[in-house]
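Written out below as structure tokens is the structure these notes cover.
We use all heavy atoms of the structure for the numbers below, so side chains are in, but hydrogens, waters and symmetry mates are not. Throughout, a chain's letter reflects where its sequence line sits, starting with A, and its residues are numbered from 1.
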Amino acid sequence: MTGSKERFPITRRLVLRGAGAIALVGLGVVSLRGAPALAAANDKYPEEAFKQKDGKEAIKLLYGRTAEPSDKIKLDAPEIAENGAVVPISVSTTLADVTSIAFVVPENPNVLAAYYRIPQGTLPNIANRLKMAKTTSIIALVESGGKLFSATKEVKVTVGGCGG
Amino acid sequence: MRRLSKTLLGIFWLLASVAGAERSAFAASSEADFKQAYAAADAAEKEAGRLRNRWLPTEAALANARKAAEKNDFDQAIAAAREAEVLAKASIFQATSEKDAWKNLEIRP
Amino acid sequence: MASSIRVRAIANGDTTEVQTLIQHPMDSGFIKDDKGQFIPAHFIQELTFEHNGKPVFVADWGTAVSKDPYVKFAFKGAAKGDDLKVSWIDNKGGSDSATFKIA
Amino acid sequence: MARIGRAGSRLGVRSLSMPLAVLLLAITQAAVAGNVDPAAEARAFRDYFFKKFPNVKADDFANGPYALNEDMRRQWEEKEQFPPYEFSLEAGKEMFAKPFANGKHYADCFPDQGIGIRQNYPQFDAASGKVVTLELALNECRTANGEKAISYTGEDMAALTAYMAFTSRGKPFDVKLPDDARAREAYENGKRYFYTRRGQLNFSCATCHVQNPGERLRAEVLAPALGILNAMPIYRSDWGGMGTISRRFITCNSQVRSVPLEPQSEEYRDLEYFLSYVSNGLPISGPGSRP
């Protein structure tokens, strides 16, 4: 459905940075930062956490603590993924003062899928589409009032979508 | 449904391995033997093509036969060619019997 | 070439719901091409939404976000007609940004 | 009442058993003797699915497996909020509007400038005596205007047909079977192709899409044959992109381990003719998204 795209006047800028910059990134000399405004936020792109193969390690790197299960988190995911390449997953929570939400897929080659920073005034309510390599529990992590909570749901995957 | 496909595969593999066993009765295979086996398989596959019913595994077996022959592994090449011939003949049998059998599945008023 | 970013941002009272779809391969680096070579990882790492020059939502992504990624969130404090700036940057240094009007 | 040739709906290794096949053949051939009316066949085809899925509304068959499975339907509805074919649809719209080198447009090749006409394809072309699908018509339009034909399985053809389908959304399939022996033969050929078992797995199109819709084959929930082309072209997660009807037929053939035919071969065009004709009355829902 085309829907609303005509309604938005689009100002557009597509920039491919120079080869030099890419090479530097490759060597880890500079870390790429997003929009300059982000410099205000404390968090950087958690490069190391995204490389982790183990769920616990990724969570420790990301938050420096372990999560406790909470029934105040509603994690919505299909019982059987129609295709592991595109699994719609959403989370919402009634927990207060949420500062971040993350998704971990323990059976994926890299376990951390996404990490969302939630500034004040943004609702703790996210939907996204993730790849899942095989049947596994998906873990939603919610950082609330300086504590870490989690919810887990198993998703059956018969056609793996590890990157497809 | 999965069980069915396995059964069918099983049948065809059985046929194919029978063809393979037959080969082992001969001593070292020559290029001439291969050419003969390959020509038979190729002819059967061409017939399947005329019937618009070639099978992917037949094509794969023919490719394996050519590859093995290039490496002068004629035992392997002949085995693959025979497998291809069995598969091609099965596809011809299928196309021939389906000429009328398709009506068995038809939804009719 | 058209923008890689599609946004639907709709204000309902004080809350604005934002849906985004981005055209990007999101190659994980774990998939092989037809020739059996691994396709190098190529994925968006950071996606930022700004309202009045202030980030209202920041997504940090790894390789497990689906091709042509989609994300939905909601925030407070914006009104119909306000600008919402969306920008992304990927692991190869590619980037794009666009500004949308909240409907 | 619709009935299916072979008793029950079990798949059979039995087609390999010659005497039984011959016996069944003798019985069923007796049954089909006499004149069969394609309109009545199409009604029986629809009735078969309506009876098999009494809780599915007729129009919903245009949504394929999502009409039959609640868990999948929710995943689909979520995706439809911002569907993955959106980029292709836009590209198709641009392509469709872009003039050829000679200044003419795709629109000049079609009635109503090509808008809202997808439901009328395929058409039987009396001049050439063949079935003309929308994909074929698009390429014939190109070559008639001095442009090179584009791939039937590529993203450009998918984008163009996506746009044309989009302008026809909700319009019921209206495929005509003119009073012409050649048209009737094309329909019969398409029907025969649909029911004929092929490939190493010994499946026909009907094995999956008549006998087992709603069942799972690996992770996929099989779509009912009724309305199966209404959502074309489709963004398939499995492809990670858009594909045409040609591409889907080719994939189906490969999945049963059959060597696919050439895109837009006579068999495929006739098959499309048959499948579209029996889905007359169901709305165009394309472009669609599927697993």
Which one, A59(C), A41(C), A74(C), P69(C), leads in non-hydrogen pairs under 4.5 Å with chain A?
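The answer is A74(C).
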In terms of heavy-atom pairs under 4.5 Å with chain A, the winner among G77(C), S66(C), G29(C) is S66(C)
Heavy-atom pairs under 4.5 Å with chain C - which of N125(A), V87(A), L123(A) has more of them than the others?
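So the answer, after comparing N125(A), V87(A), L123(A), is L123(A).
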Go through the atoms of [X] and report whether side chain, backbone, both or neither lie under 4.5 Å from a heavy atom of chain C.
X: I126(A); result: both
X: V111(A); result: neither
X: Y116(A); result: both

F43(C) ring center within less than 6.0 Å of H24(C) ring center
no
Chain A contact via I44(C) - which portion, at a heavy-atom distance below 4.5 Å:
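Answer is neither: I44(C) stays 4.5 Å or more from chain A.
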So which part of T20(C) gets closer than 4.5 Å to some heavy atom of chain A, the side chain, the backbone, both or neither?
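Contact with chain A involves no heavy atom of T20(C) at all.
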May I ask you to say whether R117(A) pairs ionically with E46(C), meaning some side-chain N is under 4.0 Å from a carboxylate O?
yes
Ring-plane angle category for Y115(A) and Y63(A), please: parallel below 30°, perpendicular beyond 60°, tilted otherwise.
perpendicular
Where W88(C) and S4(C) come nearest, the two heavy atoms and their spacing:
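Looking at all heavy atoms of both residues, the closest pair is NE1-OG, 3.0 Å.
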N/O donor-acceptor pair under 3.5 Å between N52(C) side chain and K54(C) backbone
no
Do N128(A) side-chain atoms and S90(A) backbone N/O form a donor-acceptor pair below 3.5 Å?
no
